[in-house]
There are 2 protein chains.
Amino acid sequence: MNKPTKTPEKTAKGERKRATSYDVAALAGVSQSAVSRVFQDGASASKAMRERVMAAADKLGYRPNAIARGLITQRSNMVAVVISKLTNLYYPEVLVQLTQRFSERGVRVLLFALERESDTGLVVEQMLQYRVDGVLTAAMFTPEELRTIENAHIPVVFYNRTSKDQLVSSVRCDQEEGERWLVDELVAAGHRSFGIVEGPADSVVSIERKMGALNELAEKGITDVTTVSGDFGYETGRRCFAELVQKHGSPPDAVIAANDVMAIGCIDEAREVFGLAVPGDISIVGFDGVGPARYAAYDVTTVRQPVQRMTESAASMLLERIENPELSPEKRAFSGIPVRGGSARLPAAK
Amino acid sequence: MNKPTKTPEKTAKGERKRATSYDVAALAGVSQSAVSRVFQDGASASKAMRERVMAAADKLGYRPNAIARGLITQRSNMVAVVISKLTNLYYPEVLVQLTQRFSERGVRVLLFALERESDTGLVVEQMLQYRVDGVLTAAMFTPEELRTIENAHIPVVFYNRTSKDQLVSSVRCDQEEGERWLVDELVAAGHRSFGIVEGPADSVVSIERKMGALNELAEKGITDVTTVSGDFGYETGRRCFAELVQKHGSPPDAVIAANDVMAIGCIDEAREVFGLAVPGDISIVGFDGVGPARYAAYDVTTVRQPVQRMTESAASMLLERIENPELSPEKRAFSGIPVRGGSARLPAAK
DNA sequence: GGCAGTATTGCATTCGGATGCAATTTGGAG
DNA sequence: CTCCAAATTGCATCCGAATGCAATACTGCC
């Protein structure tokens, strides 16, 4: 039996329990349902009721318990956002923007950060236990994990990755297209030998970028291509450049790094250790368009991801699918924005 | 009346509801409490029981509902992490590390991102509604907000900010100490006129850094100090440098920027626009020790925050207080790590 | 003033799992 | 083979808010 007439009880230690809707109801002399209704949007409650309840509520410092509400409504109003820890300066921005988009729409973000893109297992378990309403992920799930999530009828939106053989929604920047542009420009400016610095093997983004570049190079009939791999970080960018020169026998005409940070590493290594002028002796390009790429000392030629539009789009897509689960998957690809920086010799822009 | 004997029901559309502990119990032919116990750590259940339940559980794809559990245990196993959106490259790292620390200990992170450090109001309301077990914040709360949180008996740990007149726990890097070191070194190397580039007015960190520098300069008897203010971003770093030169009439001997990113902005502006050699003509220092500060083109003299230890410490501190609410507040201050980069003329290290 | 129609309000139940207590089983010692 | 303590298991109840339905209170209109 409930004891709704008791005022918020105090334990022996004098600390009071958080007020519940029953406490408020008792103080206001109304029913618990009335309190519940006052704290909802479209519920019917008279003005008088509203006032009495609100008065009692702030006297007690009452606020609805989102946990209890979630239990009965079957909606947690939380989405899982999954990121991986990359040394990538680009994700933080994405994360903050996403969180703000969701907040604006009354949805909370439960954050999961992976050490590597490949350890998704535990995370899936947790997401499901917390009954998140949706998942926005910047890491790839295995087909099995994906199936598990879908069995639970939780909509998923992939950020900057997608799956050709699976019906999933995704928002991405067209990595291949971006790389093709970079390659075209470099080739048009007369570069003939290329170095490619790829990212971690488990990064889908890195793979797409590499393939984009390689395919376009092949189509242009360029075969002098050397590849080395790093981890998206500055230090490996430097190491990779040295490795590249060694592997190729001499510095190539141009280096295509899988992201801006590694491109910056390459530029530093080229200048400091090899005494090369950038872009005089060698052209170096990146991808992402992160903050440091704009620093005057580097001014990296790159492809900028339209982060604002992408996050906006990803958040809406997920929220739409939460509202309407029948909605079929949709893949949106945004073109990157070419940035003709000073780190590469390019043909004059038309 | 419950209907524990029904198998997971299907709606007309054929989609099944998520399995509950009752479903599992029914399938395994045991009681719901038994299922509950099998999915707990220290609960007593025989081996036979465990097996039967587990078998039924995976057949149904059952996983405990953390929301329901939270309701009865009065523990959400979630903490709120509050960050503000600064153009500061340093926070992302902090965020990822914190999230990992908490995850390791079975605690989920509910993320709140503020547009500016000062709009904390809404966020407090949300945290309380979700009944988070603790709050870790890299933004300042008003005394009233703080009181609200404490009335709810939710432990709070401040990250890189604290309050002298309030009993709160905090983990911080000693900003003042760091600035004093920077000033001492610069003065020892003969710099006599200073420019200070501070951050946003609502950033506690910025204020502490500025005061640290000003106090030490005053103690050293240096009065030629010009101050301008930015927003922690690269662009304003550049603008601030120009402004500084204009305000001072000529470039000062040294510039102390409130963070590395602005220091980098200053370096670029000094070199590109004013044709100054860094550190030949002018010394420029920052704070934080973020990634780009290490880039060869800048090699910023700075004070690095021991992020790893700080996040580790902050997470433990909060978790301890969640376990044991009686624990009194504690303030931990970590010394920054001096980084003698090439962006400033310094006395030879002893 | 009376009545139909609408807006409020309360009642009782529900969401899914945890837990104190009592009943039952198991294990071990003698 | 007994008997007692310890380990298992089930029962009943609780956590806090939402909601369908029925009861009641207003509203406007004639």
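Chain A is the first sequence line, chain B the second, and so forth, proteins listed ahead of strands; every chain is numbered from 1. As a basis for the values below, the full set of heavy atoms in this structure was taken, side chains included, without hydrogen atoms, waters or symmetry mates.
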hbond_proxy [X] side chain to [N] base (donor-acceptor, 3.5 Å cutoff):
| X | N | answer |
| --- | --- | --- |
| B/Gln40 | C/dA18 | no |
| B/Arg63 | C/dG16 | no |
| B/Ser33 | D/dC11 | yes |
| B/Arg37 | D/dG10 | yes |

Counting only side-chain nitrogens and oxygens, does [X] get under 4.0 Å of the OP1 or OP2 atom of [N]?
| X | N | result |
| --- | --- | --- |
| A/Ser46 | C/dT9 | yes |
| A/Ser21 | D/dA17 | yes |
| A/Tyr62 | D/dA17 | yes |
| A/Tyr22 | D/dC15 | no |

Is a donor from one side chain sitting under 3.5 angstrom from an acceptor on the other, for [X] and [Y]?
| X | Y | value |
| --- | --- | --- |
| A/Ser316 | A/Arg105 | yes |
| B/Lys331 | B/Thr162 | yes |
| A/Arg332 | A/Ser313 | yes |
| A/Arg321 | A/Ser169 | yes |

Starting from [atom2] on [N], measure out to [atom1] on [X] and report it in whole angstrom.
| X | N | atom1 | atom2 | answer |
| --- | --- | --- | --- | --- |
| A/Ile67 | C/dG16 | CD1 | C1' | 13 Å |
| B/Glu51 | D/dT9 | CD | P | 12 Å |
| A/Phe39 | D/dG16 | CZ | P | 15 Å |
| B/Arg75 | C/dA18 | CZ | P | 14 Å |
| A/Lys47 | C/dT9 | NZ | P | 13 Å |
| A/Tyr130 | C/dG17 | OH | P | 14 Å |
| B/Leu60 | C/dG17 | CG | P | 12 Å |
| A/Arg69 | D/dC15 | CZ | P | 19 Å |

Inset, instruction - Examine distances only and state if a side-chain atom of B/Asp133 and a backbone atom of B/Asn77 form a donor-acceptor pair shorter than 3.5 Å. - result: yes
Inset, instruction - Keeping the roles fixed (side chain from A/Arg101, backbone from A/Thr311), state whether a donor-acceptor pair exists under 3.5 Å. - result: no
Inset, instruction - Looking at every strand, decide which applies to B/Gln74 at a 4.0 Å heavy-atom threshold: base, sugar-phosphate, or nothing. - result: sugar-phosphate
Legend entry - Sugar-phosphate, base or nothing in reach of A/Val30, heavy atoms under 4.0 Å: sugar-phosphate
Selected nucleotide, minimal atom distance to [X] side chain, candidates [options]:
| X | options | value |
| --- | --- | --- |
| A/Thr20 | C/dG17, D/dG16, C/dA18 | D/dG16 |
| A/Ala34 | C/dT9, D/dT9, C/dG10 | C/dG10 |
| A/Asn65 | C/dT14, C/dG17, D/dG16 | D/dG16 |
| A/Ala68 | D/dC15, D/dA17, C/dC15 | D/dA17 |
| A/Met49 | C/dT9, D/dA17, D/dG10 | C/dT9 |

Inset, instruction - For A/Ser36 and for B/Gln32, locate the closest nucleotide of DNA chain D by heavy-atom distance; then report the residue assigned to the nucleotide nearer the 5' terminus. - result: B/Gln32
